[in-house]
A.B. asks: 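Structure in structure tokens, see below.
First the proteins, then the strands, lettered A, B, ... as listed; each starts at 1. All of these numbers come straight from a predicted model, not from anything done at the bench.
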Amino acid sequence: MQLNPEQDRAVKHGEGPLMVLAGAGSGKTRVLVQRIAALVGRGVHPSRILAVTFTNKAAGEMKERLGEMLGYHARPMWIGTFHSTCARLLRMFHEEVGLSPDYNIFDDDDQMRLVGALLKERNLKEEATPRSVLSAIGSAKNKGEDPVEYNKLGYLAAVISIIYPMYRGALVREDAVDFNDLLLKVRDLFAHKVVGPQLRQRFEHVLVDEFQDTNPVQYNLVQGFVGDTRNLTVVGDDDQSIYSWRGAEPRNLLDFKRDYPDSEEVKLEQNYRSTKVILAAANGVIINNQDRHRKQLWTDRDGGELVLWEEVRDERAEGDFVACAIEGLVAEEGREWGDMAILYRTHAQSRVLEEMLRSRGIMYKIVGGVSFFQRREVKDIRAYMRLVSNPAADMSFDRIVNVPARGIGKTTVDHVRYYAKSKNISYLEGARDAARGEVPEVKAAARKKLKHFLDIIDGLASVKKAGASVSEFLIQVVERSTYRERLEKEGTTDASDRVNNLAELVSMASDFDDETDGEGTLAEFEERISLASSADSEDGRGSAVTMMTVHAAKGLEYPIVFVVGMEDGLFPSIRENRDTLASEDRKDLEEERRLAYVAFTRAMDRLVLTSARVRRKWADVKITTPSRFLHEIPEDCLAIRTRPDPEPENTTFRRRPARAGKFSGDSYDSTSQYSDVPMNCTAPGRQRKAFGGAGGDEFDQRSEYKEFPTYSVEGEVAYESCDEFNFDQSAEFVEIAAGATVRHKSFGLGRVVTSQGQGKNQKLAIDFSTVGVKTVMARFVDPVF
DNA sequence: TATTCGCACTTTTTT
DNA sequence: AGTGCGAATA
């Protein structure tokens, strides 16, 4: 495909700031990739290019494409999310920010537990919920401000001023950072007298995708990375800004013009994705927003079906309709399941849809939801990993000291905790003392059990020390902790699901080992897990209908898109009992509208919207009003179809009688109203491919069942030595030249003055900030840049 | 100390 | 409706 003149201009832009205002479906990803390739072609060293994407998945795709175009030259490029980029930098500069190289990243769940525990400790549970505290802390940190100061006037001021210092203390003790710290610590690095200037000069070109979704801290980071070169490319679309609740400021697009007045601006207004009708529908909605740059998206894709708005009775009818329509599209138009996506505003809506699809034997996959990595058993195993890497990981200790149950009760743990706190040592150390009998409250029986637990941890530590690969280590965790054994003894389906999840985790670890030639560390694997978003796990394998939230659909496209639950209160989502100002309401509504815009513009050929007259929320039933956005769609784009209730007007709503079986969804087929929809449903009996049995749950976002790799439990695992990896790394080998910054194990950071010799025998004269100029073999230092 | 039961809370969106 | 937590019980 040829580039259009505007795209071409963006790709060919040389030095200096560039802003690309890219509408939905305008090929911005392609432009970005080509631009990077063009920079390399122009002689920019690949390792001096930083590209920031919104998701890890987008980063992966970009890497892949550049890999194809540039071969191994693409490898040294820095391509990733803000978070993964910062994690990488923090690993390099861990000392400067006071972290170990194996530092932990606290995810949502960890933070919640921690704050919950702190609130409990201070008897503040009445005053605030962990969620509210964290969101107050988070909104401050998103702006780069001090949480206590920032919330000084809010109703949580008192709680935050007590909890936040404790929270921060706990993170320091546990050698951990939260998501925001990841960015803030790197921002702080810019002020470091040695590292700061280096960081500023590190990149010659910086490119940021989805710029409308960056928050102030991220913008600061960008400015730091750009340094004096001013070679910054930002790509964004203010109409697709849907993360302001996470601190994103679409105003960054305006600020960019202020901060870089000499920037060139390119507008990509031709849409290559959607039909005219779909685009007109999306435009019709978005023009109702006040706060936006005017943009005129256009397409030359004539024709296409009208957007269909199907009004149905309730969410079951909605699911049934969608399932039917899918069948019809497969039968009539020869579409494949993989061509279709169902988008919803909230995860909670997925359940009914799932049920209805399943009852018709339609394969589906769900993106997001409860992430694989958040499952209890996976988190437990991760806690073992953490505790072994970092004995001070008290939260991890708490989590697994008695998991699986080994008879260490609450009272024992309380004694250990109290003792550890009073001596200012970690819980694990406390447990050691207790096991040795130094804590009188812990009696012999409990001591023995603690000893047993410590033996497990120490055993794992020795496995790690022996140089086990990550997957080997995980296998040892699963075995030595008796986790798998216990689960298998349970014999329930739930337990065997969990075993499968553990197998999946091990196999991911083994993929990781392969990828890193066995050189990846536990901490790196854990980092990857922590930063993996639920949307990343999507593997395009097989043909299945994709279900996800609108947020997760950002950047994706499908020939056919269903957007379900188009009702006021749901989409746009309106939270009740909220005491915000009217202007906030408008802002929220505008964001919801942008969300609708994103949803609609995912569709290439056909867009189907549904609304239910009645929707169950929790236990009760609510009568709904169709989404106001539906009325904003130009009439000539829209086909509206309302189905009357099959029952007489004034019958009261009858509850579906409770069934004995777990799922009653199958009963719906016979009453389906939709066998005559123009998308022509086939009869429910004619299913192309069914999977599983009724109520079976074997199809979800996880990949298929994998056996545990074979291994020996007894005897020592033979760990290969690892001194031959260097050869393959030549592609990434960076010649250390005078002026480079390097790190030495004992001398710390220094700057290379002169260099002598090559390869293994290269000698460097280095000016260390600690000890002055020293001559060192190059292989004893790590190039920082 | 382990297990079980009942209650409260959840549900907007996620790196 | 499903989960997680705390209290009550074995």
A.B. asks: Nearest whole Å is fine: how far is B/dT13 P from A/Y344 OH?
C.D. replies: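 Interatomic distance, OH of A/Y344 to P of B/dT13: 10 Å.
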
A.B. asks: For A/E592 and B/dT13, what is the distance between atoms CD and P respectively, to the nearest whole Å?
C.D. replies: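 Rounded to whole Å, this separation is 11 Å.
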
A.B. asks: Would you mind writing out the side-chain donor-acceptor pairs for residues 217-225 of chain A within the sub-3.5 Å range, not counting sequence neighbours?
C.D. replies:
residue	atom	partner	partner atom	Å
A/Q218	OE1	A/N215	N	2.7
A/Y219	OH	A/D259	OD2	2.8
A/Q223	NE2	A/D259	OD2	3.3

A.B. asks: Heavy atoms from C-beta onward define the side chain here; which of B/dT10, B/dT12, B/dT13 lies closest to that of A/H551?
C.D. replies: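 The listed nucleotide nearest to A/H551's side chain is B/dT13.
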
A.B. asks: Tell me: CG of A/D108 to P of B/dT11, nearest whole Å?
C.D. replies: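 Atom CG in A/D108 sits about 11 Å away from atom P in B/dT11.
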
A.B. asks: Who pairs with A/E174 by salt bridge (charged side-chain N to carboxylate O under 4.0 Å, His left out), at least two apart in sequence or on another chain?
C.D. replies: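 Testing A/E174 for salt bridge (charged side-chain N to carboxylate O under 4.0 Å, His left out), a comparison that skips the adjacent residues, returns none.
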
A.B. asks: Check nucleotides 3-5 of chain B against the protein and report each pair of N or O atoms closer than 3.5 Å, with its distance, or say if there are none.
C.D. replies:
none

A.B. asks: Select one nucleotide: of B/dT1, B/dT12, B/dT14, the one nearest the side-chain heavy atoms of A/T346.
C.D. replies: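 From the listed options, B/dT12 comes nearest.
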
A.B. asks: Check the distance between B/dT13's C1' and A/N142's CG and give it to me in whole angstrom.
C.D. replies: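 Atom-to-atom, A/N142 to B/dT13, this comes out as 14 Å.
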
A.B. asks: Please state whether the phosphate of B/dC9, meaning OP1 or OP2, lies under 4.0 angstrom from any side-chain nitrogen or oxygen of A/T129.
C.D. replies: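 No, A/T129 has no side-chain N/O under 4.0 Å of OP1/OP2 on B/dC9.
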
A.B. asks: In whole Å, I'd like the distance from the CE atom of A/M112 to the C1' atom of B/dT14.
C.D. replies: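 Result: 12 Å.
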
A.B. asks: List, with names and distances, any nitrogen or oxygen atoms from the protein found under 3.5 Å away from nitrogen or oxygen atoms belonging to nucleotides 3-7 of chain C.
C.D. replies:
residue	atom	partner	partner atom	Å
C/dG6	OP1	A/K120	NZ	3.3

A.B. asks: Between A/Y243 and A/F54, is the ring centre distance below 6.0 Å?
C.D. replies: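 Yes.
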
A.B. asks: When you get a sec, tell me which of B/dT15, B/dT11, B/dT13 is the closest nucleotide to the side chain of A/R246?
C.D. replies: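 The answer is B/dT15, which lies nearest to the side chain.
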
A.B. asks: Looking at B/dT15, I'd like to know if its phosphate oxygens (OP1 or OP2) sit under 4.0 Å from a side-chain N or O belonging to A/S84.
C.D. replies: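 A/S84 to B/dT15 OP1/OP2: no side-chain N or O under 4.0 Å.
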
A.B. asks: Would you please name every residue forming a side-chain hydrogen bond (donor to acceptor under 3.5 Å, both in side chains) with A/R602, sequence neighbours left out?
C.D. replies: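 For A/R602, the residues satisfying side-chain hydrogen bond (donor to acceptor under 3.5 Å, both in side chains) (neighbours in sequence not counted) are A/Q240.
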
A.B. asks: By a 5.5 angstrom centroid cut-off and a 30 degree plane limit, is there stacking between A/W245 and B/dT13?
C.D. replies: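 A stacking contact exists, since A/W245 sits close and nearly parallel to the base ring of B/dT13.
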
A.B. asks: Looking at A/H83, I'd like to know whether one of its side-chain N or O atoms comes within less than 4.0 Å of OP1 or OP2 on B/dT14.
C.D. replies: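 A/H83 to B/dT14 OP1/OP2: no side-chain N or O under 4.0 Å.
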
A.B. asks: Check side-chain hydrogen bond (donor to acceptor under 3.5 Å, both in side chains) between A/R528 and all other residues, then give those that pass, not counting sequence neighbours.
C.D. replies: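 Here the qualifying residues are A/E515.
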
A.B. asks: Select base, sugar-phosphate, or nothing to describe what A/Y243 touches, counting heavy atoms under 4.0 Å on all strands.
C.D. replies: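 Sugar-phosphate, backbone atoms only, no base.
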
A.B. asks: Does a side-chain N-to-carboxylate-O contact under 4.0 Å join A/D181 and A/K141?
C.D. replies: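 Yes, charged N to carboxylate O under 4.0 Å.
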
A.B. asks: Checking contacts here: which listed nucleotide (B/dT15, B/dT1, B/dT12) is nearest the side-chain heavy atoms of A/T412?
C.D. replies: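 Output: B/dT1.
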
A.B. asks: Check the distance between B/dT11's C1' and A/R131's CZ and give it to me in whole angstrom.
C.D. replies: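 It is 8 Å, rounded to the nearest whole Å.
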
A.B. asks: Excluding sequence neighbours, so at least two apart, what forms side-chain contact (heavy atoms from CB on, under 4.5 Å) with A/T411?
C.D. replies: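 Result, side-chain contact (heavy atoms from CB on, under 4.5 Å) vs A/T411: none returned.
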
A.B. asks: From CZ of A/R447 over to P of B/dT1, roughly how many Å is that when rounded to an integer?
C.D. replies: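 After rounding, the gap between these two atoms is 14 Å.
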
A.B. asks: For A/E527 and A/S530, test the side chains for any donor-to-acceptor distance below 3.5 angstrom and give the result as yes or no.
C.D. replies: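 Result is no, nothing qualifies.
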
A.B. asks: Hey, which of these two, A/G407 or A/E591, hits DNA chain B nearer its 5' end, going by closest nucleotide?
C.D. replies: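 Mapping each residue to its closest nucleotide by heavy atoms, the 5'-most match is A/G407.
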
A.B. asks: Less than 5.5 Å between centroids and less than 30° between ring planes, does A/F179 satisfy that with B/dT15?
C.D. replies: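 Yes.
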
A.B. asks: Under 4.0 Å between a side-chain N/O of A/R345 and OP1 or OP2 of B/dT11, yes or no?
C.D. replies: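 For B/dT11, neither OP1 nor OP2 has a side-chain N or O of A/R345 closer than 4.0 Å.
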
A.B. asks: Between the side chains of A/D178 and A/Y167, is a donor N or O closer than 3.5 angstrom to an acceptor N or O?
C.D. replies: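 On atom types as modelled, these side chains qualify, holding a pair under 3.5 Å.
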
A.B. asks: Expressed as a whole number of angstroms, how long is the span from A/Q111:CD to B/dT15:P?
C.D. replies: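 Whole-Å distance recorded here is 14 Å.
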
A.B. asks: For A/D188, give me all partners under salt bridge (charged side-chain N to carboxylate O under 4.0 Å, His left out), at least two apart in sequence or on another chain.
C.D. replies: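 Scan of A/D188 (salt bridge (charged side-chain N to carboxylate O under 4.0 Å, His left out), adjacent residues dropped) gives none.
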
A.B. asks: Hey, does the side chain of A/N402 come within less than 4.0 Å of B/dA2's phosphate (OP1/OP2), counting only N and O?
C.D. replies: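 Checking A/N402 against B/dA2: at least one side-chain N or O falls below 4.0 Å of OP1 or OP2.
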
A.B. asks: Whether A/T411 contacts B/dT1 is assessed here as follows: a side-chain N or O lying under 4.0 Å from the phosphate OP1 or OP2. Is that the case?
C.D. replies: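 Yes.
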
A.B. asks: Under the side-chain hydrogen bond (donor to acceptor under 3.5 Å, both in side chains) test, which residues partner A/K28, sequence neighbours left out?
C.D. replies: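 Partners of A/K28 under the side-chain hydrogen bond (donor to acceptor under 3.5 Å, both in side chains) test: A/D209, A/E210.
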
